[in-house]
**Q** 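Pasting in a structure now, in C-alpha cells, and then I'll have a few things to ask.
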Amino acid sequence: MSISESLRTSLDYHSLKHVTSTRSALLDSYELHLDHTPHYTLDNLEVPAVGWESDRLVTICSSQVLLPLLCNSGTQQVFRVGAKVLLVEDDYKVGASAETLLCDILDDWCHRRSKYEGLCSFEIVVAIEAETLVREGLWSTLQELAPGIFQKYGDDLVEEWVSSAKLLLLVNNWPTSTSNVNSRPSDDQEGNKINLQEESALLEETIKYYADELSNTKFIIFVSDQSVEKWLATFNDGLGIPTQIVKITKKINVSPVLTKKNQLNLVNWAANSLWKTNFILHWPRCRQGLILHMLNNDASLCSAKTSCDLLWSVLQFLLSLFKKHTNCSTQSCSNLFDSLCHMAYDTEYKAVETDHYYENVQVTAELKQKFLHYFLLILPKLPPIENDQYCLFINAQLQHVLASRYIYASKLSIGISLNPLKDRDEVAVMLLGHLRRDVLNEHSLFDNKVVHRELKSLYLMNENSKDPQAYLLHMLGELHGENRLIDLLFKDAVFPRQLELFDNCLMKEFLLQYVTYVQPRRLLLLVRRGYVPVELISIVSVLGDLDLSFGLGLMHHLERGSSATSDEVLLSALSASRARLQDFLGCLTFSAIDKLTPSTAARLTCIRVRVTSEMALRKLFSVQSTLPNLMWFETDFDLPLELVFNAELPCVKTPLCDFTFFGVRETQLSSVITFITKVRKNYLSGLHIHHSSLNTNSAITLVEKLRDKDVLLSTPCEVVALYRRWRYAEVAVLDAQQLMDEDKVRPLLGYDDRHQYSDNEIRSSVTTTDADIVKLTNFLELENSIIYFQFGSSNIVLTKNSDGRIEVKKYKFDKGFNV
C-alpha cells in the first residue's frame, strides 16, 4: 500500500469517527421525542444551500461546495480562476449548519462519493480545528492521527509527499480576530499553552505559512459571518492568498416537500405566514423531529400569534420535559434557565463557554449537562482533540428570545443593553413580547410609569434601526392588537406618508394592522431576490380594498433565466376595488401584459418588466403607448437578442426609459446601438448590460455612437423636475426652476437622487488592464452628460458617481464582479 493509500485510510478512520460522534451529538435524545414518537424530517433541509452571489442563492450538494477552489470549474462565468482559500460563512441563524456541511463533505469523501465535481480532484482530505492548526501545527497533528504511517515511511518522506499532494484542508471554528503577528508558526510549538487570543493572532501567519509550503493544497475555512469580510480582505490584499466566500443558508421553500399525510396540518400552518415559515426553517436538521412533533401534537403552539409567543412556548415545553425526566426542583430549574438567558445575552452567535454561567447554580454536574443538552447543541471537536466539546445555541431566534428575557427580567437599561447587539431590532421586538405578556396578565401595569418609559425607549430605537418601518411593523405585531399598548408605544409618533416595506414585512396580519394605523397615502412593497413571499397574493388582495396608491417591486422575478412570473400578482393588483396600482416591477407573460389597459391600469406610472418571449415583447411595447399616466418604462430583454433586434417595435415616448440587455457580445454592439436608436429618441434614463463580454473600448464606443445619433444616457433637467414633482411630496414647496436646483432638492429629499436619472452599467467577464482603466476614467471625466456610470469586469469595478468622482475597486486573483 502506498503512502497516499495508507495515510488516507488512517485519516478516514478518524474522519468517520468524528462524523458519527457529531451526528450522534446532534440527534434528539429519546426523551425529547417522547414515547414512540416518529422521527420527522424536513427533506429540504437535509443538504445546506450555498450562495456564491450576493443576490442569488444556489442550492448544491456538499461536494460541489468545492467549485470555487477548482481552476477547471464548469462555471467559468462565476469563477474565472480557482481560489486557494474558500471562506464558508456560517449561517448563525441555524445552529450547527457549518458542522453539518463539514460532516457531509467528510462523509462524501470517506465513502468515495466522487461523482460530483469537487472531491475527486483531491488526493487527501484533512479536517482540523483552527486552534489545533496553530498550537500543534499540521505535521504534529498528522503524526498524532497516523503514527504508524510516519514510523513506516519516515517523517521526511511523508512530509515530502503531503507537501506536493493535492490536499484539501478543512479548518473549523476560525476565530473572529484578525490581529497581526510577527512570528512564523512552526511545528516545534507542540505542547505550548497558547490561549485562544494568541491563537487567533497567529492565524494569519499560520495560513500564510502553509499556503506557501503546500503548493497544491486548498483550504476551506469555516468562519463566523461577523468577521468574514475582514478575513477576505486580509487574505486577498494583506497576505496575497486568492480567496473567495460562499455562504451557508437555509433553503427557502418548505411546504412543497412536507407532503406526508401526518404533516399536512403543519404544511397548512407553515404556509400560512412568513414568520411561521421562517420559524421552521431556523431549526437545524438535528432538532427537526422535536419541533415537528411539538407542532403536530400541541395545538396551543400553532395558535401562537407571533414568533415571541411561539418561541417562549417552545422553551416552556422543553423546560417541562426537563423537569419531567429529571425531577429537578422548580427553583433549580429557574436558576438554570436564568443562567441560560444570561449566557444568551453575553454570547452572540458563536461557540459559548458554559462553566462561568453555571458555577453558582447548586445542582449536580450531570444535571447541568443534561439541561444544556435540551437547549444547546453540544458538539465534539475534531480529532486529535479528545473529550472536548463546544456549545452552540440551537438557532438565532431562540437566542433572541432568551437574551431579551434576560434584559427584561434584569431590568437593564433598554438603550444601553440593546445597542451593542448585532441583531438589536430582533431582540428588541422579543423584549416587547415579554412586556406585553406581563402587562396583559397584570392590568395594573397599564398605568405603571416604568412600563411607559420602556415602551417609549423601544419606540425611539427605530431612529437607529437598520429598517425603521420593519422594526415598527414587527413591534405593532407583538402587541396583539391591544389598543392601550399601541397608543402608549406610538404616542406622539410621526409616520411618513409613503411607506416602503421589504419582504421581511410581508406578513398579512401585521402589515394590515400597520397600514391601518399609519394610513399612508402611498405604499411600496419590495421583494428582494432570493426571497419567496408566501402571503404576497393575499396581501395584494386585501390592499385592494384600501384607499391608497401602491407599488409592487418583485425583484425576485427579475432574475435572468428564472421561470417565475408575476402574472398572478399583477392580476390581483389590477382587480383592486379602491387601491390604485402606480408602480410595478416583475416578469410578465403575454396574457398578463394583455390585461394592462387604459381602464385597468389608468394610474400606472412606472413599470419594469422582464420579458421572455417575442410575443410578450411586442405586446409590452404596444401597450406602453396606451397607458395614459405612464412616466417610466423599463424592459429587461431575457430572450435571444436576435429576436429583440429583429422585432418591429413602436418608439417609446415615456418621459423616462431604461433598457436591460443580457449576454451582449462584441459583435452585437452595433445591433444594440441600432435597436436603441430605433425605439428611443434623444435620451435614455438608464442602460444596463449584464453578463456581457464587452471591454472598456466597447463601453466608450457605445456611449459615443449613441451620442452621435443624438441619444444621451441621461435625462434632461426639465424631465427630472417633472418626475420629482410627481414622486416626492417633500419637494412640493419648490417651483419648476427650483426642482432642477440640486442644492435645493437634496436637503428636502435627504439624499442625492440624480443617479437614477442616468443609471448606466456594464457588467463584463473580461479582464481590465491599468491602461484600460486610465482610458475609461479620462473619457468619463470629460463626458459631462453622463451622471452615473459603472463598468464591472472580472478584476475591477470602475464607477463614476453623481458628484463626478471616479472610483476604482480592484480585485486581486480574479475575485471578480458578479456579472
Side-chain angles (χ1 to χ4, degrees), residues 25 28-35 95 287 290-291 293-294 297-298 300-301 304 306-348 351-378 389-395 397-414 417-418 421 427 430-445 448 450-451 454:
D28 295 350
S29 64
Y30 176 74
E31 59 200 45
L32 286 180
H33 271 300
L34 303 181
D35 297 340
R287 294 298 173 95
L290 168 66
I291 196 64
H293 164 73
M294 288 192 292
N297 293 276
D298 192 332
S300 64
L301 291 178
T306 64
S307 294
C308 184
D309 293 341
L310 183 54
L311 288 161
W312 189 249
S313 298
V314 168
L315 287 169
Q316 298 309 305
F317 182 91
L318 292 174
L319 201 57
S320 65
L321 276 184
F322 174 74
K323 290 174 66 176
K324 174 182 177 181
H325 288 282
T326 61
N327 295 317
C328 183
S329 70
T330 301
Q331 185 59 50
S332 295
C333 278
S334 178
N335 294 338
L336 288 167
F337 191 76
D338 289 344
S339 297
L340 183 71
C341 293
H342 188 186
M343 184 166 62
Y345 173 71
D346 280 355
T347 56
E348 275 203 283
V352 298
E353 297 292 336
T354 61
D355 293 344
H356 166 70
Y357 297 95
Y358 289 91
E359 57 188 5
N360 295 323
V361 181
Q362 302 301 313
V363 296
T364 64
E366 181 182 359
L367 198 59
K368 290 180 188 177
Q369 188 75 357
K370 199 172 189 66
F371 176 83
L372 293 175
H373 270 286
Y374 274 76
F375 297 95
L376 302 173
L377 303 175
I378 302 178
Q389 301 168 321
Y390 63 96
C391 302
L392 297 169
F393 278 90
I394 293 174
N395 60 37
Q397 286 188 332
L398 211 59
Q399 191 165 2
H400 292 159
V401 75
L402 288 166
S404 61
R405 183 63 186 180
Y406 172 74
I407 296 170
Y408 178 67
S410 303
K411 301 186 184 305
L412 301 181
S413 166
I414 287 178
S417 58
L418 285 175
L421 300 183
V427 177
M430 296 289 186
L431 193 153
L432 181 63
H434 295 306
L435 186 150
R436 179 257 309 149
R437 190 184 310 110
D438 284 357
V439 170
L440 293 184
N441 288 336
E442 188 177 339
H443 285 195
S444 62
L445 292 175
N448 189 302
V450 174
V451 170
E454 289 178 335

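From a predicted model like this one, the values you see are computed outputs, not experimental measurements.
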**Q** Once you round to the nearest 0.5 Å, how far does CD of Gln369 lie from CG of Leu376?
**A**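 Between atom CD of Gln369 and atom CG of Leu376 there are 9.5 Å.
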**Q** Look up atom CG in Asn335 and atom CG in Leu340, then write down how far apart they are to the nearest 0.5 Å.
**A**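 Rounded to the nearest 0.5 Å, the CG-CG separation comes to 12.5 Å.
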**Q** Please assess Leu321 against His325 for the test side-chain contact (heavy atoms from CB on, under 4.5 Å), listing each intermediate value before the final yes or no.
**A** CA-CA 6 Å; Leu321 276 184; His325 288 282; 4.3 Å; yes
**Q** Any side-chain heavy atom of His400 within less than 4.5 Å of one from Ser307?
**A**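 No, every pair of side-chain atoms sits at 4.5 Å or beyond.
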**Q** Which pairs of donor and acceptor atoms, one on a side chain in residues 310-320, lie under 3.5 Å apart (sequence neighbours left out)?
**A**
| residue | atom | partner | partner atom | Å |
| --- | --- | --- | --- | --- |
| Ser313 | OG | Asp309 | O | 2.9 |
| Ser320 | OG | Gln316 | O | 3.4 |
| Ser320 | OG | Phe317 | O | 2.6 |

**Q** In sequence, state the C-alpha distance, the side-chain angles, and the governing distance for Arg436 and Thr306, and then conclude on side-chain contact (heavy atoms from CB on, under 4.5 Å).
**A** CA-CA 12 Å; Arg436 179 257 309 149; Thr306 64; 3.9 Å; yes
**Q** Just verifying a value: how many Å separate Asp338 CG and Tyr406 OH, rounded to the nearest 0.5 Å?
**A**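 Interatomic distance, Asp338 CG to Tyr406 OH, rounded to 0.5 Å: 10.0 Å.
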**Q** Counting N and O atoms only, with roles assigned by atom type, does the side chain of His434 sit under 3.5 Å from a partner on the main chain of Val401, one being a donor and the other an acceptor?
**A**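 Yes: the side chain of His434 pairs with the backbone of Val401.
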**Q** What is the minimum heavy-atom distance between Glu454 and Tyr408, and which atoms define it?
**A**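 Shortest heavy-atom contact: OE1-CE1, 4.2 Å.
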**Q** For the residue pair Tyr357 and His342, does the interplanar ring angle fall in the parallel (under 30°), tilted (30 to 60°) or perpendicular (over 60°) class?
**A**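 The rings of Tyr357 and His342 stand perpendicular, inter-plane angle above 60°.
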**Q** Under 3.5 Å, which donor-acceptor pairs do the side chains of residues 359-368 form with other protein atoms, sequence neighbours left out?
**A**
| residue | atom | partner | partner atom | Å |
| --- | --- | --- | --- | --- |
| Gln362 | NE2 | Asn360 | O | 3.4 |
| Thr364 | OG1 | Leu367 | N | 3.1 |
| Lys368 | NZ | Tyr358 | O | 2.8 |

**Q** If you look at every heavy atom in Ala344 and Ala403, which pair is closest and at what distance?
**A**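 The answer is CB-N, 3.8 Å.
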**Q** Nearest 0.5 Å, please: how far is CE in Met430 from CD1 in Ile407?
**A**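 One gets 12.0 Å once the value is rounded to the nearest 0.5 Å.
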**Q** Passes side-chain contact (heavy atoms from CB on, under 4.5 Å), Gln399 versus Val427? Steps please.
**A** CA-CA 9 Å; Gln399 191 165 2; Val427 177; over 6 Å; no
**Q** Kindly compute the distance separating CG (Leu336) from OG1 (Thr326), expressed to the nearest 0.5 Å.
**A**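 Atom-to-atom, Leu336:CG and Thr326:OG1 are 9.0 Å apart.
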**Q** Taking only residues two or more places apart in sequence, or in another chain, which ones meet Phe375 in a ring pair (Phe, Tyr, Trp, His ring centres under 6.0 Å)?
**A**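 Ring pair (Phe, Tyr, Trp, His ring centres under 6.0 Å) list for Phe375, sorted by chain: Phe371.
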**Q** Return the CG to OH distance between Leu402 and Tyr345, rounded to the nearest 0.5 Å.
**A**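 If we round to the nearest 0.5 Å, Leu402:CG and Tyr345:OH are 14.5 Å apart.
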**Q** Could you go step by step and tell me if Cys391 and Met343 meet the side-chain contact (heavy atoms from CB on, under 4.5 Å) rule?
**A** CA-CA 11 Å; Cys391 302; Met343 184 166 62; over 6 Å; no
